[in-house]
Amino acid sequence: MHDVLPAEMHLWHALERAVRGTFESYGFEEIRVPVLEKTELFARAIGDATDVVEKEMYTFEDRNGDLLSLRPEGTAGVVRAVLQNGLLYGAPLRLWYMGPMFRRERPQKGRTRQFHQIGAEVFGAAGPDVDAELLAMCHRTWQRLGLKPLRLEVNTLGTASERAAYRDDLRDFLAAREGELDEDSRRRLERNPLRILDSKNPDMQSVLRDAPLLSAYLGPESLAHFDGFRHLLERFGLDYTVNPRLVRGLDYYSHTVFEWITDALGAQGTVCAGGRYDGLVEIQGGRPWPGIGFAMGQERLVELMRLQAQTAAEPPHLYLVLVGEGVAERGLELAESLRSALPGLRLHANLGGGSFKVQFKRADRSGAALALVLGEDELRRGEVTIKPLREDAGQQQLALEELVGWLQNWLNNSRR
Ligand code: ATP
Ligand code: MG
């Protein structure tokens, strides 16, 4: 579990701003749900035989004996909230969320035990149009962030009954080759053989070369859904590849699944993943409602932004240097009046005294564009000194009553 430190916060904020702006332009509303839920919610929604539920959840017993878990993903809690608050009456319903998730995975590059996801869910829309719209929305978000094109892989998982027939045949195929399976795959063979399909082990991929493909088990309705989805992606000009081995780690998916992948981050290159989960609302005790969603991994996207996007931190405009008897108090008063007059101004007032030399060092370290100097002389004359810190321009004196106008002008001219 990592701290997010101030030095990288501008990247997180830029990501969150881009998401908020883009998602809201598609009609999505934000929802915030607790990080703690009853364990059974996740066990039922995500599936007992998944890695997440089997071995990755942080679970503890509450004082009254209830089993609680830190959320390993966002969708189950959102579905619970939607049902509990009767939000489906407004369906189709477009929701998005953001926040920390917890999985006890082996920590490695791109994988931490607390990580952050931004997700979106749509309830009550069954057609492939919304599947494609969600991907257009992701694509627009990547563009807004200034990222290089990401690879989009898509697949269809069909319906639960189509998948059940396939699962049996896949299990038979793999059971006949049990000796060639790695330990993970042997463990998954009985309970969740589909998960073997997206094993990252190259040896498993060669065992799977001649395995049956799910697409051969799909009926006309599932195929039509997938075709409609792909047709719209093409209309939107979104490049994609069909990856017939793409399955998702969680049990609740059906029909469309997808991942956005980058090669710039090494092995953990999936920055956003999701799919349709038409059975999930019913599993959670609601009437059957179609649903689809995705989750982006914020840490991985922030890392990608660091590598690819020109997102700069916003340093202060002004550093207020305050030296001399009685100056600090007048200076802080001045700072307050500037903040009232110029709400967009980013101003650091010097705290804790110090000589001119010390304070100018701090001013420089702050990244501020200008130093505003108030000393005893300035105070006596009712003036301030303005000294540009980032360009080779001379300093100038200004009467205090002219300062707001001067700064307003400076902010406008430099569009800061
Ligand atoms: P993977 O195959 O990488 O384990 P997953 O299927 O477990 O992925 P999802 O549950 O779909 O992942 O989560 C969506 C996204 O959240 C992932 O694509 C990734 O960007 C991010 N993510 C998931 N787990 C972690 C983690 N432990 N640390 C950092 N980011 C994560
Ligand atoms: Mg995982």
Side-chain angles (χ1 to χ4, degrees), residues 4-22 24-25 141 143-147 302 305-416:
V4 182
L5 298 176
E8 56 174 326
M9 204 49 95
H10 65 284
L11 294 167
W12 289 73
H13 286 168
L15 172 58
E16 289 161 15
R17 260 197 313 272
V19 162
R20 196 179 295 274
T22 310
E24 285 179 359
S25 79
T141 307
Q143 281 184 323
R144 200 147 167 170
L145 291 171
L147 299 180
V302 161
M305 289 166 71
R306 195 198 317 278
L307 296 172
Q308 296 184 348
Q310 257 93 49
T311 312
E314 293 199 325
H317 297 118
L318 279 189
Y319 191 96
L320 190 52
V321 173
L322 303 168
V323 184
E325 192 70 33
V327 171
E329 197 180 302
R330 273 292 293 125
L332 291 182
E333 212 180 312
L334 173 66
E336 283 309 304
S337 68
L338 292 178
R339 290 186 180 108
S340 300
L342 304 164
L345 184 71
R346 294 190 297 277
L347 185 162
H348 285 201
N350 185 73
L351 290 178
S355 65
F356 274 112
K357 195 167 161 217
V358 165
Q359 292 197 33
F360 267 101
K361 253 200 195 133
R362 290 184 193 140
D364 191 47
R365 221 173 23 216
S366 77
L370 299 175
L372 201 66
V373 185
L374 199 60
E376 286 175 22
D377 288 349
E378 279 91 354
L379 201 57
R380 210 171 320 111
R381 294 198 299 265
E383 288 181 346
V384 287
T385 300
I386 296 176
K387 187 172 169 18
L389 296 172
R390 312 287 145 192
E391 50 192 280
D392 224 5
Q395 59 183 48
Q396 57 175 304
Q397 253 80 36
L398 211 65
L400 269 173
E401 50 280 10
E402 291 172 278
L403 181 58
V404 167
W406 190 93
L407 284 173
Q408 183 69 69
N409 203 24
W410 178 81
L411 287 169
N412 290 347
N413 281 340
S414 46
R415 282 201 302 277
R416 283 164 224 262

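Note that these values count all heavy atoms, side chains included, but never hydrogens, waters or copies made by symmetry.
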Contact check, side chains of [X] and [Y], non-hydrogen atoms, under 4.5 Å:
X      : Y      : result
Glu325 : Glu376 : yes
Leu372 : Leu370 : no
Asn350 : Val321 : no

Q) Considering residues at least two apart in sequence or located in another chain, which fulfil the side-chain contact (heavy atoms from CB on, under 4.5 Å) criterion with Leu145? A)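 side-chain contact (heavy atoms from CB on, under 4.5 Å) list for Leu145, sorted by chain: Leu15, Ala18, Thr141, Trp142, Leu147, Met305.
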
(Q) For Gln397, give me all partners under side-chain contact (heavy atoms from CB on, under 4.5 Å), at least two apart in sequence or on another chain. (A)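 Per chain and number, Gln397 pairs via side-chain contact (heavy atoms from CB on, under 4.5 Å) with Glu378, Arg381, Glu383, Thr385.
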
Rounded at 0.5 Å granularity, tell me how far [atom1] in [X] sits from [atom2] in [Y].
X      : Y      : atom1 : atom2 : value
Glu333 : Leu374 : CD    : CG    : 10.5 Å
Leu403 : Leu318 : CG    : CG    : 8.0 Å
Ser366 : Leu320 : OG    : CG    : 11.0 Å
Arg339 : Leu347 : CZ    : CG    : 5.0 Å

Heavy-atom pair with the smallest gap, counting every atom of [X] and [Y]:
X      : Y      : value
Gly326 : Leu379 : O-CD2, 4.3 Å
Ser25  : Thr22  : OG-O, 2.7 Å
Pro388 : Gly394 : CD-O, 3.6 Å
Leu332 : Ala349 : CD2-CB, 3.6 Å
Val323 : Gln359 : CG2-NE2, 3.5 Å
Leu342 : Gln408 : CD2-OE1, 3.1 Å

Q. Can His317 and Leu338 be said to form a side chain to side chain contact (heavy atoms under 4.5 Å, CB included), step by step?
A. CA-CA 12 Å; His317 297 118; Leu338 292 178; over 6 Å; no

Q: Quick one: do Arg390 and Asp364 satisfy side chain to side chain contact (heavy atoms under 4.5 Å, CB included)? Show the steps, please.
A: CA-CA 9 Å; Arg390 312 287 145 192; Asp364 191 47; 3.3 Å; yes

Q.
What verdict does the side chain to side chain contact (heavy atoms under 4.5 Å, CB included) test give for Leu334 and Leu322, after you've listed the backbone C-alpha separation in whole Å, the side-chain angles of each residue and the deciding distance to 0.1 Å?
A. CA-CA 11 Å; Leu334 173 66; Leu322 303 168; over 6 Å; no

Q) Taking it one step at a time, do Val302 and Val4 satisfy side chain to side chain contact (heavy atoms under 4.5 Å, CB included)? A) CA-CA 11 Å; Val302 161; Val4 182; over 6 Å; no

Q) Is a side-chain donor or acceptor of Arg362 paired with a backbone partner of Tyr319 at a separation under 3.5 angstrom? A) no

Q: Could you tell me whether a side-chain N or O of Arg346 sits under 3.5 Å from a main-chain N or O of Pro315, the two making a donor and an acceptor?
A: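 Flag set: sc Arg346 to bb Pro315 pair under 3.5 Å.
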
